[in-house]
**Q** 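Quick one: the structure is below, questions incoming.
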2 protein chains.
Amino acid sequence: MGSGGMAAQQTALGLSAVTVAVTNEVPRVLAVRRMTHELATPVQRGGLPVGGESALALPFGPFQPERHRTLELGLRLWVEELTGLKLRYVEQLYTFGDRFRDPREAAGGPRVVSVGYLALVHEAPLTGTGEAEWCDWYDFFPWEDWRKGRPPVIEGIVRPRLDAWVFQAADDWERRARAGRVAQCFGVDEQWDIERTLDRYELLYEARLIPEAAQDGCLADPQPVDEEAARFLGRPMALDNRRILATAMGRLRGKLRYRPLVFDLLPPSFTLLQLQRVVEALSGKRLHKQNFRRLLQAGGLVEPTGQLEATGRGRPAELFRFRREVLHERVAPGVGIPTVRVGG
Amino acid sequence: MGSGGMAAQQTALGLSAVTVAVTNEVPRVLAVRRMTHELATPVQRGGLPVGGESALALPFGPFQPERHRTLELGLRLWVEELTGLKLRYVEQLYTFGDRFRDPREAAGGPRVVSVGYLALVHEAPLTGTGEAEWCDWYDFFPWEDWRKGRPPVIEGIVRPRLDAWVFQAADDWERRARAGRVAQCFGVDEQWDIERTLDRYELLYEARLIPEAAQDGCLADPQPVDEEAARFLGRPMALDNRRILATAMGRLRGKLRYRPLVFDLLPPSFTLLQLQRVVEALSGKRLHKQNFRRLLQAGGLVEPTGQLEATGRGRPAELFRFRREVLHERVAPGVGIPTVRVGG
DNA sequence: ACATTTTATGCTCATATGGAGCATAATTAT
DNA sequence: ATAATTATGCTCCATATGAGCATAAAATGT
């Protein structure tokens, strides 16, 4: 970077990993604890932890071209080192490079550009070099889990605050634009599109209901964050890491439809109910069992192993495995998820 | 980059633009001519132009953190400088960072990591500082234009060569995998999924029917490129630029379904037939006129201006404009494209 | 043995979507 | 007038899928 030798600002290119596993019907994501002073200069940052406190962050490592033949291999390498996990499916998400992503930039630090990746693993004890931990990803997005019905936080916190935000709009066009977005993201009559996690996060962010917004050096207007609301709107993360997480969640939910990603989160053999529970955990919605199986069968995605589950009580479930051949047979092998498309 | 002062390899972060316009029913993409010696050391590169010849490349510029607040703004800035065009819609595609993307790396050059962007514009004379030119994007992908039916190059060149490639597979599992991919990408009975442009390009690349594969420093195996076939498989581009283009094409085709992107390629008012022709040009397929309009109407995407087209012959068409309000009303406003999903 | 619980399965039905085609109207060029 | 070209209304049908009813199979508990 900085081809001219001048005082050109440096660029640091790194890799961020959203590592996902599902156990006991809860989707988990890998996070590390970092001292906030590692991340930010001690400027005023609203109610965020300051000084020596720790914040959750996604594992992040520099990209080392001499070691890493590709970006993806680089990410695999150091995440596997860090955690001792074997990464299964890995996919590039998005590259984040906004000014002041990392607040240290304001103090003369380099611009930190980060290529975000989604990685799927089987959850296992962490044996690597780092001190990472598994977190329930709905702790970061409590409005995204609809498995027990519409989360109360939506009516209790989100809607009232967003309605106020709509009302505060400067002019009428802006007000209608805001109202439309709120309706699309959190409307009662509208359908809940499980894939639009990023839209919803960004709406809450813009409405200053997410504490990370306080840190945002790009936002010129001085609207303070609603700390009261923020306490109910999930665990904050360092920098823009929750945005990266929201991106990952949307991508994963979307891809479940037409790629057999779930099987990278499951053991080699599993019952159909286990499979359904994993899909439900990720998509945040309950599924209709018969229809789910109808689609699995139609897609030829699984085949029986002939064995039965080491049973609890009730009729023992048959064990299935993923039919790898389906990858050569079908164009879009995915598990059945309510499609929700095009509300109107 | 290169935080340790050692002989650590440098990383150069740049931005690549796929700038798309549609005129006269042909989708065009902006390319620059570069001397190949700017791009590659004069090593053996099969039948590719060597030495002082020129190759087409996507506009590429370094990312300058001190000037560019975000990656996207950086891209807008220098593409607008280069071309004098006003970019409408801009979207990040993917970040490319494989070793030897740029062959100069083998001679000690930096690793060139490039963030690819899709940009939509109205085609206009180029007034900027650079010497860019508009190219028909189907010149790069002749197998992607199905508007006049299945392109003869598929039966004439693609299928025979791919069938041979399937036959050459080392073992039986590999052979079946290859056969499956060929069937999915170019099968006769399978449906043609307009979005899978990248899959198809990568298949041809792996089968060594694309001359750019000759340059690929990552490919260990020494299979030569089929130059004979390559002559019929579109214009080559520098480096991995055709891969970036294929990524853009797939993304754009996909997004047409659920985002009103077409209107960023059209003048403020247009006839419904013009609109349809642009969608057809991009998707590479003919559409059923009545159904297309049925969906437009149902979606409330356009409204009549009251004026009629300055007519050629035939009944004069009414002029329409995009209804911006639809963005606040509907979740997924897109134009009707045959969905093709899930074959089987 | 029998009820209860839990899971698996088969089947039906209503609805939404969209692909395809027929028919007709409106306008201009020749 | 006739042909050509474009616009428009309407029907029909296949498919996908959301939702529900009913029943079978196996294990646990009494």
Side-chain angles (χ1 to χ4, degrees), chain A residues 25 146 191-194 256-258 270-277 279-280 283 285-300 302-320 330-344, chain B residues 25 146 191-194 256-258 270-277 279-280 283 285-299 301-320 330-344:
Chain A
E25 308 189 19
W146 285 55
Q191 318 212 40
W192 183 259
D193 184 342
I194 58 170
L256 282 183
R257 289 192 208 290
Y258 59 96
F270 45 83
T271 70
L272 296 186
L273 191 58
Q274 275 172 33
L275 172 56
Q276 183 179 343
R277 293 296 179 229
V279 175
E280 289 173 339
S283 66
K285 285 207 132 186
R286 287 271 168 236
L287 301 174
H288 183 103
K289 188 192 288 192
Q290 294 92 319
N291 292 344
F292 181 76
R293 297 186 180 202
R294 185 214 285 169
L295 287 181
L296 277 179
Q297 188 147 38
V302 295
E303 63 192 358
T305 64
Q307 295 174 305
L308 297 184
E309 185 190 29
T311 181
R313 62 176 164 285
R315 170 173 170 177
E318 199 172 357
L319 285 169
F320 288 79
R330 296 177 49 92
V331 182
V335 292
I337 293 189
T339 306
V340 188
R341 306 253 117 253
V342 192
Chain B
E25 308 188 20
W146 285 55
Q191 318 212 42
W192 184 257
D193 184 342
I194 59 170
L256 284 181
R257 288 190 210 288
Y258 60 97
F270 46 81
T271 69
L272 296 185
L273 191 58
Q274 276 171 31
L275 172 56
Q276 184 180 341
R277 293 295 179 227
V279 175
E280 289 173 339
S283 66
K285 283 206 134 186
R286 288 272 167 234
L287 301 174
H288 183 103
K289 188 193 288 192
Q290 295 94 317
N291 293 343
F292 182 76
R293 297 186 179 201
R294 185 213 287 170
L295 287 181
L296 277 180
Q297 190 146 37
L301 281 162
V302 295
E303 63 191 357
T305 64
Q307 295 175 306
L308 296 183
E309 185 189 29
T311 180
R313 60 175 167 286
R315 171 172 168 176
E318 201 173 356
L319 285 168
F320 288 79
R330 297 176 49 92
V331 182
V335 292
I337 293 189
T339 307
V340 188
R341 305 253 119 253
V342 191

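Each chain gets a letter, A, B and so on, in the order its sequence line appears, and its residues count up from 1.
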**Q** Assuming nearest nucleotide by heavy-atom distance, tell me which of A:H288 and A:R293 is located more 5' along DNA chain C.
**A** A:R293
**Q** If I take atom CG in residue A:L287 and atom C1' in nucleotide D:dG20, what distance separates them, rounded to the nearest angstrom?
**A** 16 Å
**Q** Report the C-alpha separation of B:L319 and B:T271 in whole Å, then their side-chain angles, then the decisive distance to 0.1 Å, and conclude whether the side chain to side chain contact (heavy atoms under 4.5 Å, CB included) test is met.
**A** CA-CA 5 Å; B:L319 285 168; B:T271 69; 3.9 Å; yes
**Q** For A:R286 and D:dG18, give me the distance from atom CZ to atom P, rounded to whole Å.
**A** 16 Å
**Q** Measure from CG on A:L319 to P on C:dA8 and round the result to the nearest Å.
**A** 10 Å
**Q** Within this structure, what is the CG-to-C1' distance between A:L308 and C:dT6, rounded to whole angstrom?
**A** 14 Å
**Q** Report the residues that fulfil side-chain hydrogen bond (donor to acceptor under 3.5 Å, both in side chains) with A:Q290, sequence neighbours left out, ordered by chain and then residue number.
**A** A:H288
**Q** Among C:dG18, D:dA7, D:dT17, which nucleotide sits nearest the side chain of B:R294?
**A** C:dG18
**Q** Give the rounded distance in Å between these two atoms: CD of A:E318 and P of D:dA24.
**A** 19 Å
**Q** Taking for each residue the nucleotide of DNA chain D bearing the nearest heavy atom, is the 5' side occupied by A:Q290 or by B:L273?
**A** B:L273
**Q** Find the distance B:Q274:CD to D:dT5:C1' and express it as a whole number of Å.
**A** 15 Å
**Q** Side chains of A:F270 and A:V302, heavy atoms from C-beta outward: is any pair under 4.5 Å?
**A** yes
**Q** Does a nitrogen or oxygen in the side chain of B:K289 sit under 4.0 Å from OP1 or OP2 of D:dA7?
**A** yes
**Q** What's the NZ-C1' distance between B:K285 and C:dG18, to the nearest Å?
**A** 14 Å
**Q** Side chain of B:N291 only, please: which of C:dA23, D:dT17, C:dA20 is the nearest?
**A** C:dA20
**Q** Measure the shortest side-chain to side-chain distance between A:K289 and A:Q276 over non-hydrogen atoms and say whether it is less than 4.5 angstrom.
**A** yes
**Q** Could you tell me the separation between the CZ atom of A:F292 and the C1' atom of C:dA8, rounded to a whole number of Å?
**A** 14 Å
